[in-house]
2 protein chains.
Amino acid sequence: MRYSRQRELIIEIIKGRKDHPTADMIYYSAREQEPNISLGTVYRNLKQLAEEGVIITLETEDKRLHYDGDTSRHSHFICNGCGKIIDLFKPANVPSEIKYAGLTVTGEKCVYYGLCGNCQ
Amino acid sequence: MRYSRQRELIIEIIKGRKDHPTADMIYYSAREQEPNISLGTVYRNLKQLAEEGVIITLETEDKRLHYDGDTSRHSHFICNGCGKIIDLFKPANVPSEIKYAGLTVTGEKCVYYGLCGNCQ
DNA sequence: ATATTAATAGTAATCATTACTGATAACGAT
DNA sequence: ATCGTTATCAGTAATGATTACTATTAATAT
């Protein structure tokens with residue numbers, strides 16, 4: 001994986017924000033510093049970074065992939081009102097059932113839906 | 001919501017299977033009994049049924065929506081080897097953090113990734 | 001039975017994402 | 001430092017899942 005200015009910028013953007021941006025949100029942000037960066041470059045790098053485990057993907061009900069620069073184990077809460085995604089850094093334990101079923105868990109994606117303080 | 005033979009068939013198919021089929025899997029299954037049913041009809045009804053809460057959607061890393069006829073509270077395990085989706089009927093508790101953050105939870109989607117017994 | 005209007009089959013359009021292509025740039029070897 | 005190799009880029013075309021559209025059919029209340 002060779003260095004590139006564009007990729008470095010993309011990493012910096014994702015790691016620097018606590019919301020969970022989609023590819024095009026990252027694209028628009030990147031264009032502020034790198035006006036000629038292409039959307040394809042953003043998508044290609046995001047995909048690559050996610051495969052490498054540098055960032056994490058979050059599949060939501062809005063049909064677009066959200067990206068998260070924080071790779072530590074945590075869950076998410078998504079507000080049905082405003083769409084905001086909130087990190088939950090004290091995730092629940094893995095269901096006990098898993099060990100009995102002979103399954104090896106390597107990752108988890110727990111998303112809770114509901115209303116945030118502002119929206120209820 | 002008026003009765004229709006096609007919708008009834010779609011419901012019957014989803015409720016009758018324990019895998020978590022995608023729209024086109026349901027489409028091909030439906031065509032065995034209703035050879036002229038259209039893919040659009042399948043998609044339209046699945047969307048409607050999910051909105052009504054009759055079925056549940058599952059957003060996975062394979063970029064297609066999976067549907068689940070079981071609306072009881074449960075989690076899922078997805079095997080990275082064979083792609084099989086396994087139900088976990090003893091889901092973990094909601095993270096304690098949520099009540100302190102003033103969030104109201106109305107739904108959850110927990111997906112665990114790893115390897116099933118056959119694939120490890 | 002008739003009128004109203006969801007629902008359908010079939011097809012076109014949308015939209016996020018990925019693939020392609022010729023040009024550019026990173027970087028190890030000379 | 002220059003050269004050669006090749007990953008990466010910008011720009012654009014293609015893909016694939018899903019949704020919207022349209023004329024027709026069928027469910028159901030009156």
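Below, chains carry the letters A, B, ... as their sequence lines are ordered, and counting in each starts from 1.
- Side-chain contact check for A:H76 versus A:I86: every heavy-atom pair is 4.5 Å or farther apart.
- For C:dT17, one of the phosphate oxygens OP1 or OP2 lies less than 4.0 angstrom from a side-chain nitrogen or oxygen of A:Y43.
- Counting non-hydrogen atoms under 4.0 angstrom, A:R64 reaches the backbone sugars and phosphates but no base.
- Closest-nucleotide positions on DNA chain C for A:R44 and B:S4 were compared, and the one nearer the 5' end corresponds to B:S4.
- As a whole-Å value, the separation of B:L49 CG from C:dA7 P is 10 Å.
- Of the residues in residues 18-41 of chain A, not one comes within less than 4.0 Å of DNA chain C through any heavy atom.
- Looking only at side-chain heavy atoms (C-beta outward), A:E59 and A:L65 come within less than 4.5 Å of each other.
- Taking only side-chain nitrogens and oxygens, A:K63 never comes nearer than 4.0 Å to OP1 or OP2 of C:dT17.
- Taking the 5' to 3' direction, DNA chain D first and last meets chain B under 4.0 angstrom from a heavy atom at D:dA17 to D:dT28.
- B:Y27 and B:Y67 fall within the same hydrophobic cluster, where Ile, Leu, Val, Met, Phe, Trp and Tyr residues are linked whenever their side-chain heavy atoms come under 4.5 Å apart, directly or through other members.
- Looking only at atom types and distance, the side chain of B:H66 has no donor-acceptor partner in the side chain of B:D19 under 3.5 Å away.
- The shortest distance between the side-chain N/O atoms of A:Q6 and the OP1/OP2 oxygens of C:dA25 is not below 4.0 Å.
- Comparing B:V42 and A:M1 by the nucleotide of DNA chain C whose heavy atom lies nearest to each, the residue mapping closer to the 5' end is B:V42.
- Follow the hydrophobic side-chain contacts under 4.5 Å out from B:I26 and you never reach B:L58; the two are in separate clusters.
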